[in-house]
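Below is one structure, written out as structure tokens; comments come after it.
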Amino acid sequence: MPELPEVETVVRGLARRMAGHRLSGIELRRGDLRWRIPKSLPKKAEGHLVTAVERRAKYILIRLDDGGILLLHLGMSGRLVLMEPEDKTPLERHDHVVMTLDDGTRIRFNDVRRFGVLDYVRAEALEGHKLLQGLGPEPLDPGFTGAVLEAALEGKRTPLKAALLDQRVVAGLGNIYVCEALFYAGLSPKRLARTVNPERAERLVAAIKDVLQRAVAAGGSSIRDYVQATGELGYFQHQWAVYDHEGEPCPRCGGSNIKRIVQSGRSTFYCPKCQR
DNA sequence: ACGAGAACCTGTTTGC
DNA sequence: TGCAAACAGGTTCTCG
């Protein structure tokens, strides 16, 4: 799925097209995603003006002028695809929700695996929403520092890789960018989280911020069928140093090949020589 | 309380 | 070539 850079890219694309426009219709074509989409959602959101589209962790927030918010998560395979007003292309098999704007633009929420989420929440209840509670700091926020990360990892006996995927530690990283950040920080994914001292934490935070910023600048990574909101393809996948590069020489030391291991059921790519 | 693994679901790729 | 297993960007829930 979309990790932070992909979600950020989608949010920017959506903001351009949605802000200042009225949601004239929401069609629920299939409601059983990760959770049931409330049947009352279209009625509550229709007719209201979109004031802003924002991101928190990997969640998309579509804010409406009456204080309502559409809360969306793309899961592993979710996409938001813009359709121009004149676009008569038929909807596809996994288009579960279609939002229509007052200018005729449509946005379809397509999600093959249905791990995605769509919910309606009032602005005053957003902080307390079950899905947003307990989320860790935004990695690109200036407040996310080595000291903050070190404190979050303190005492954790889990491998560092798993700790960074935990959205309570830091919010927005996923499998790809964790692998990339660990590589740039020169830290082994297998290292126990609690062994990250202040010096390592600083390096790791710097690597996380750097790789995320570069990925956002590239418009994210397009994997398989993932396309950003504007329809363009992100190109960061061409800049992956280790992810999906099993068996290739390490781009830093060249003397060792990138290894793939499985940690808590997910692929990890790293250089056994550079990452300690 | 914590950490590992299963579960959710569908489609594509890989290996025998 | 054909079929089955493995794998895919995430998160929650259960179990030890």
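Just so we're on the same page: letters track the sequence lines, and every chain starts at 1.
More than 12 heavy atoms of other shown residues, nucleotides or ligands fall within 6.0 angstrom of atom CD in A/E199.
Nucleotide B/dA6 holds its P atom 16 Å from the CD atom of A/Q263, rounded to whole Å. Across the protein-nucleic acid pair, A/R113 atom CZ and B/dC8 atom P stand 13 Å apart, rounded to whole Å. Distance CD (A/E246) to C1' (B/dT13): 14 Å, rounded to an integer number of Å. In this structure, the CZ atom of A/F115 is 14 Å from the P atom of C/dC13, given to the nearest Å. We find that CG of A/L33 is positioned 11 Å from P of B/dT10, with the value rounded to whole Å. Between the CZ atom of A/R36 and the P atom of B/dC9 there is a distance of 12 Å, given to the nearest Å. Atom P of nucleotide C/dC13 and atom CG of A/D166 are separated by 14 Å, given to the nearest angstrom. Rounded to a whole Å, the CD1 atom of A/I176 is 17 Å from the P atom of C/dC7.
A/L131 comes within 4.0 angstrom of sugar-phosphate atoms only, judged by non-hydrogen atoms across all strands, and of no base. A/P159 comes within 4.0 angstrom of sugar-phosphate atoms only, judged by non-hydrogen atoms across all strands, and of no base. Residue contacts for A/R168: at a heavy-atom cut-off of 4.0 Å it reaches no nucleic acid atom on any strand shown. Among the heavy atoms of the strands lying under 4.0 Å from A/G174 are primed sugar atoms or P, OP1, OP2 only; no base atom is included.
For the P atoms, the distance from C/dC7 to B/dG5 is 15 Å, rounded to whole Å. Using P as the reference atom, C/dT12 and B/dG11 are 24 Å apart when rounded to the nearest Å. Remark: the separation of the P atoms in B/dA6 and C/dA6 is 12 Å, to the nearest Å.
For the pair A/P38 and A/P42, the tightest heavy-atom approach, listed with the atom from each and the gap, is O-CD, 4.1 Å. Annotation for A/D87 and A/R106: closest pair O-NH2, 2.8 Å, computed over non-hydrogen atoms.
Closest to the A/M76 side chain, of the nucleotides C/dA8, C/dT12, B/dA4, is C/dA8. Nearest to the side chain of A/T158, among B/dG3, B/dT10, C/dT11, sits B/dG3. For A/Y59, taking side-chain heavy atoms from C-beta onward, the closest of the listed nucleotides C/dT12, C/dA8, B/dA4 is C/dT12. Distance from the side chain of A/K130 is smallest for C/dC13 among the nucleotides C/dT11, C/dC13, B/dT10.
Between the side chain of A/K156 and the main chain of A/L192, no donor-acceptor pair closer than 3.5 Å is present. With hydrogens and angles disregarded, no donor-acceptor distance shorter than 3.5 Å links the side chain of A/K161 to the backbone of A/L182.
Checking the phosphate oxygens (OP1, OP2) of B/dA4, no side-chain nitrogen or oxygen of A/R157 falls inside 4.0 Å. Under 4.0 angstrom from either OP1 or OP2 of B/dT10 there lies at least one side-chain N or O belonging to A/R114. For B/dC9, neither phosphate oxygen OP1 nor OP2 lies less than 4.0 angstrom from any side-chain nitrogen or oxygen of A/S77. Of the side-chain N and O atoms in A/H94, none sit less than 4.0 angstrom from OP1 or OP2 of B/dT10.
Pairing of B/dC9, defined by two Watson-Crick or G-U wobble distances under 3.5 Å, is not identified with any nucleotide.
A side-chain donor-acceptor contact under 3.5 Å links A/Y177 and A/S221.
Side-chain N/O atoms of A/R266 and base N/O atoms of C/dA8 include no donor-acceptor pair closer than 3.5 Å.
The residue among A/Q167 and A/R260 whose nearest nucleotide of DNA chain C is located toward the 5' end is A/R260.
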